[in-house]
Colleague: 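Please read through the structure below; I'll follow up with questions.
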Amino acid sequence: MHKLSIAEQRQCLQRGDFSALELTQHYLARLETGGALNAFITTTPELAISQAKRVDAARINPGRAPDTTPLGGIPIAHKDIFCTEGIRTSAGSRMLDNFIAPYNATVVDKLNDAGAITLGKTNMDEFAMGSSNENSYYGAVKNPWDPARVPGGSSGGSAAAVAARLCAASTGTDTGGSIRQPAAFCGITGIKPTYGRVSRWGMIAYASSLDQGGPLARSAEDAALMLSVMAGYDPRDSTSIDTAVPDYRGALNNSIKGLKIGLCSQYMENIDIATERSLFEAVKVFESLGAIISDVELSNTRHAIPAYYVIAPAECSANLSRYDGVRFGYRCEAPADLKDLYKRSRTEAFGKEVKQRILVGSFALSAGYYDAYYRKAQQVRRLIKQGFIAAFQQVDVLLTPTTPGPAFKLGEKTNDPIAMYLQDVYTIASNLAGIPALSFPSNPHGGLPTGLQLMGNYLDEATLLNVAHQFQQQTSWHKLSPAWEAP
Amino acid sequence: MTEQAESGWETVIGLEIHVQLNTRSKIFSGASTQFGAEPNSQACAIDLGMPGVLPVVNAAVFPKAVAFGLGVGAEIGMTSVFDRKNYFYPDLPKGYQITQMDYPIVRGGKVDVLLPSGITKTVRLTRAHLEEDAGKSLHEEFQGATGIDLNRAGTPLLEIVSEPEMSSAVEAVAYARTIHQLVTYLDVSDGDMSQGSFRCDANVSVRRIGTPDLGTRTETKNVNSFRFLERAIDFEVARQIQILEGGGRIIQETRLYDPDKDETRPMRSKETATDYRYFPEPDLLPVVINEKFVADVRATMPELPAARRQRFESQFKLSNDDATFLSSSLPLAKYFEQAGQTAEDFRLAANWVRVELLGMLNKQGLDIGESLISATQLGELLRRIKDGTISGKIGKSIFDALWAGDATSVDEYIESHGLRQVSDSDTLTPIIEKIINDNTQQAEQYRSGKTKLLGFFVGQVMKETGGKANPQQVNDLVKTALDQAPP
């Protein structure tokens with residue numbers, strides 16, 4: 001059952017080949033054997049079973065209208081950054097180890113309403129800060145393709161869980177590549193939508209102007225099904241975009257004949273050979289489908305990482321101030337006074353990377369440094385945005401690698417923050433600009449997946465999903481399952 | 001001022017006034033702003049700064065802020081931007097306050113302040129910006145601990161900042177009163193100082209007369225009555241002068257006024273100036289308003305106090321004192337105008353409103369809005385006095401009847417109680433003759449020069465007619481009758 005795509009599972013459920021409860025129980029059993037990957041922080045079997053029973057009741061009861069919910073009975077998992085009512089929402093941090101959210105994130109509500117089954121909450125880098133999922137209070141997640149390697153981050157648990165078929169799809173968030181990089185490392189498809197396309201209500205903030213939720217799934221088609229549900233205007237998020245959500249699934253089979261795909265030399269620097277080869281193989285596939293390939297210049301790309309590592313820490317330094325031990329979350333033992341309460345609660349409960357970014361951000365915003373760092377970074381951000389706007393006057397989508405290379409070994413880059421930050425060299429610019437970007441699996445190398453990235457114009461998720469789906473109709477890389485998955 | 005001039009010192013005062021906007025819900029959440037609820041019963045997840053929550057601006061704050069801006073002739077910020085002001089304090093749930101820094105909604109402006117001396121002084125404003133209030137720390141009720149009440153957190157405030165242009169406590173209070181009058185007139189705030197709806201921070205410094213540079217200032221915070229404001233400033237001025245004359249120096253610090261001891265004392269030192277690390281609030285978009293919005297606000301604005309005072313003087317020929325008093329609050333001004341219009345005599349209305357009505361209201365401890373006599377009722381009463389239907393004395397008894405609820409329609413009451421004034425000489429002459437005949441001794445004395453006795457006769461006639469006789473006419477008739485030779 002877990003080998004089926006979401007569309008296939010839906011078909012089987014509707015035909016009655018198996019019930020939502022059977023499907024859910026099947027996945028719950030897999031979760032137990034998949035524990036070694038450490039992909040989940042919390043599993044919610046009771047909730048999943050009760051949700052599955054509700055879906056079955058609606059389906060079987062002959063008096064009821066046929067189940068038209070788009071995801072009725074499909075077992076998924078949520079990144080532990082999305083608030084789930086009555087369930088611990090930790091953001092991968094000791095700070096929120098005891099935090100039971102009193103409300104659902106909009107994304108969770110929407111998926112619940114669509115009939116999706118919640119299997120649990122997936123592991124992640126603490127407060128979404130990291131590119132390897134090694135920064136979790138709950139321990140590192142292992143890549144199902146090679147347990148000695150990282151799954152990427154920060155949505156590492158979400159990616160590993162989908163790759164290992166522990167859930168049909170999952171939710172993730174992407175601030176600088178946190179959906180796409182783990183999707184690439186784990187051989188799955190993930191999309192970071194346009195900033196404002198998916199509501200941030202109930203999604204614990206890392207860097208508010210960059211954070212965007214999106215799905216991780218096995219294929220572009222599954223991602224389209226998920227995104228159709230997740231996207232949409234939310235009056236509770238002032239940065240949410242108030243335009244109708246198009247029919248992503250309906251657009252998947254559009255022909256891409258004549259579609260203009262841009263390649264960009266700035267996105268090929270530092271690329272490893274295998275990834276480069278897979279990129280040019282993909283170009284051939286797209287050419288065979290009638291797409292027109294051309295070169296595009298994005299000259300400010302190299303400034304994206306420095307700009308990001310000013311803006312994101314600056315915003316995070318404020319976003320994480322609320323974790324002070326006063327109202328919720330971790331509180332140190334027997335504080336001597338108010339200052340001690342703040343100091344020790346935050347020192348004891350935040351991990352190293354989080355502290356580092358809070359410090360960097362506080363510094364960048366300090367009087368006397370603001371202009372040199374924060375203001376400058378915002379100027380760079382505008383230039384990057386303008387670069388993309390110009391590029392999308394020439395081409396419909398940009399095709400780049402998602403990461404410079406495949407998944408690296410656990411511990412390999414933990415002492416080298418710059419090397420770690422360079423993991424996001426190709427993904428960060430789209431967050432700064434707010435444009436949508438998708439990662440899909442390409443020809444793997446040495447038993448490790450590689451991923452390619454498609455970037456598109458504002459609100460043009462449909463084209464990205466369409467292009468990736470057309471590629472997946474010609475290739476089967478997205479169908480490979482990891483060694484872990486051996487029968 | 002003279003005292004200071006003699007001492008060789010001059011005082012420089014600037015005020016920051018926090019005005020609570022009288023919206024029903026908070027500035028960034030839907031929670032109620034009602035005063036006096038159980039602690040923390042009116043704080044929702046947004047006010048508590050829970051993980052994942054987002055602010056959404058309450059649109060009701062903009063017309064109020066714009067009305068104030070127009071009221072002080074300021075430039076309206078057509079694009080205003082919310083910023084985060086970062087600092088840690090237990091009653092600040094998010095660890096930052098959402099406020100407006102670089103692009104406030106009100107820029108500049110000025111108010112004409114009528115000083116007790118009769119001189120009008122113009123005080124310029126620096127700005128006024130929208131922001132959220134913090135909660136309250138309760139130190140008293142909890143032995144050795146501090147309680148936090150977050151009901152007030154997120155209450156909308158307009159912070160009105162003046163230029164440092166006032167030179168005495170008296171001027172500062174007159175300025176604060178002018179602002180208070182304006183914000184209540186414009187329905188921007190209920191202005192209730194006892195509930196903290198209008199709080200003044202006084203920046204005070206002194207310098208030797210003739211010194212070009214400003215002295216070091218202190219900021220006395222959260223003074224919530226005009227009387228305390230005057231005393232706090234006077235205390236602070238005297239304290240600073242004493243220190244400087246003793247060869248000491250002023251420490252830049254925040255101070256608190258203690259009304260019980262009538263002194264200010266240090267709250268926290270600003271010597272190590274706090275760096276608030278302001279930056280634009282990424283969870284909110286810049287607020288853009290257009291000319292039409294401003295025009296609509298302008299169209300609904302009432303006549304402002306200063307203009308109204310001048311009109312009362314020129315149009316209704318009121319004394320400066322009456323005009324100032326009756327324009328001091330919008331409900332009072334409206335009441336007066338309505339009563340005057342109905343009575344067709346504004347000076348009569350001015351007199352009755354000030355003496356009879358306010359006398360009664362003060363006695364009962366009521367507001368003008370709680371008057372048991374409507375402005376129209378009072379006007380009808382006064383019209384009947386003016387046209388001679390009733391005497392002023394009868395008018396007062398009807399006033400009491402109206403207040404007590406024994407009368408509703410003035411005219412009906414006059415008829416049903418036979419209170420119509422007697423000014424018919426055919427009716428009055430026999431009565432007068434009878435009284436003169438009954439008091440021949442007094443009549444003799446009058447005629448021999450004791451003309452003061454006229455009052456005695458008039459009084460007797462009034463008594464005889466039950467007060468209904470027209471006193472002026474009685475006066476004339478009695479005089480004529482007495483002046484005639486005795487029969």
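Just so we're on the same page: letters track the sequence lines, and every chain starts at 1. Heavy-atom basis, side chains included; hydrogens, waters and symmetry copies ignored.
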Colleague: Rounded to the nearest 0.5 Å, what separation is found between the OH atom of Tyr374(A) and the OH atom of Tyr278(B)?
Modeller: 15.0 Å
Colleague: If you count heavy atoms of other groups shown closer than 6.0 angstrom to CD of Gln34(B), is the number above 12?
Modeller: no
Colleague: Looking at Gly52(B), Pro90(B), Pro55(B), which one has more heavy-atom pairs under 4.5 Å with chain A than the rest?
Modeller: Gly52(B)
Colleague: When rounded to the nearest 0.5 angstrom, what distance separates OH in Tyr276(B) from CG in Leu365(A)?
Modeller: 15.5 Å
Colleague: Measure distances from Leu341(A) to the heavy atoms of chain B and classify the residue's part below 4.5 Å as side chain, backbone, both or neither.
Modeller: neither
Colleague: Could you check which of Pro235(A), Ala205(A), Ser366(A) has the highest count of heavy-atom pairs closer than 4.5 Å to chain B?
Modeller: Ser366(A)
Colleague: When you compare the side chains of Asn319(A) and Arg84(B), does any donor N or O come within less than 3.5 Å of an acceptor on the partner?
Modeller: yes
Colleague: Flag the one option from Leu92(B), Leu285(B), Val53(B), Ile148(B) with the top tally of heavy-atom pairs under 4.5 Å to chain A.
Modeller: Val53(B)
Colleague: Kindly indicate, with the supporting measurements, whether the criterion side chain to side chain contact (heavy atoms under 4.5 Å, CB included) is fulfilled by Arg200(A) and Leu54(B).
Modeller: CA-CA 8 Å; Arg200(A) 292 187 296 119; Leu54(B) 296 169; 3.8 Å; yes
Colleague: Just wondering, more than 12 heavy atoms not from Tyr309(A) lying within 6.0 Å of its OH?
Modeller: yes
Colleague: Between Tyr87(B) and chain A, which part of the residue has a heavy atom less than 4.5 Å away: side chain, backbone, both or neither?
Modeller: neither
Colleague: Is the closest side-chain donor-acceptor distance between Tyr370(A) and Arg277(B) under 3.5 Å?
Modeller: no
Colleague: For Ala318(A), is it the side chain, the backbone, both or neither that has a heavy atom under 4.5 Å from a heavy atom of chain B?
Modeller: both
Colleague: Which heavy atom of Ser238(A) sits nearest a heavy atom of Asp283(B), and at what distance?
Modeller: CB-O, 3.5 Å
Colleague: Kindly say whether Pro93(B) contributes a backbone atom to a donor-acceptor pair with the side chain of Arg322(A) at under 3.5 angstrom?
Modeller: no
Colleague: Does anything in residues 150-160 of chain B get under 4.5 Å of chain A by heavy atoms, and if so which residues?
Modeller: Leu150(B)
Colleague: Nearest 0.5 Å, what's the CZ-CG distance between Phe88(B) and Leu338(A)?
Modeller: 10.5 Å
Colleague: Does any heavy atom of chain B fall under 4.5 Å from the side chain of Ser362(A), the backbone, both, or neither of them?
Modeller: both
Colleague: Quick check on Phe82(A) against chain B: is it the side chain, the backbone, both or neither that has a heavy atom closer than 4.5 Å?
Modeller: neither
Colleague: Within a strict 4.5 Å, meaning less than it, do heavy atoms of the Pro102(A) and Met50(B) side chains meet?
Modeller: yes
Colleague: Which atoms of Ala314(A) are under 4.5 Å from chain B, going by heavy atoms: the side chain, the backbone, both sets, or neither?
Modeller: backbone
Colleague: At a heavy-atom separation under 4.5 Å, does Phe99(A) approach chain B through its side chain, its backbone, both, or neither?
Modeller: side chain
Colleague: Looking only at heavy atoms, what is the nearest atom pair of Pro51(B) and Tyr323(A), with distance?
Modeller: CB-OH, 3.6 Å
Colleague: Do other residues, nucleotides or ligands put more than 12 heavy atoms under 6.0 Å from Tyr369(A) OH?
Modeller: no
Colleague: Of the non-hydrogen atoms in Ala45(B) and Tyr103(A), which two are nearest, and what is the gap between them?
Modeller: CB-CE2, 3.7 Å
Colleague: Check whether Tyr195(A) gets within reach of chain B through its side chain, its backbone, both or neither, counting any heavy atom under 4.5 Å.
Modeller: side chain
Colleague: Contact part of Asn86(B) toward chain A, heavy-atom cut-off under 4.5 Å: side chain, backbone, both or neither?
Modeller: side chain
Colleague: Restricting to non-hydrogen atoms, name the atom on Pro282(B) and the atom on Thr239(A) that form the minimum distance, rounded to 0.1 Å.
Modeller: O-CG2, 3.6 Å
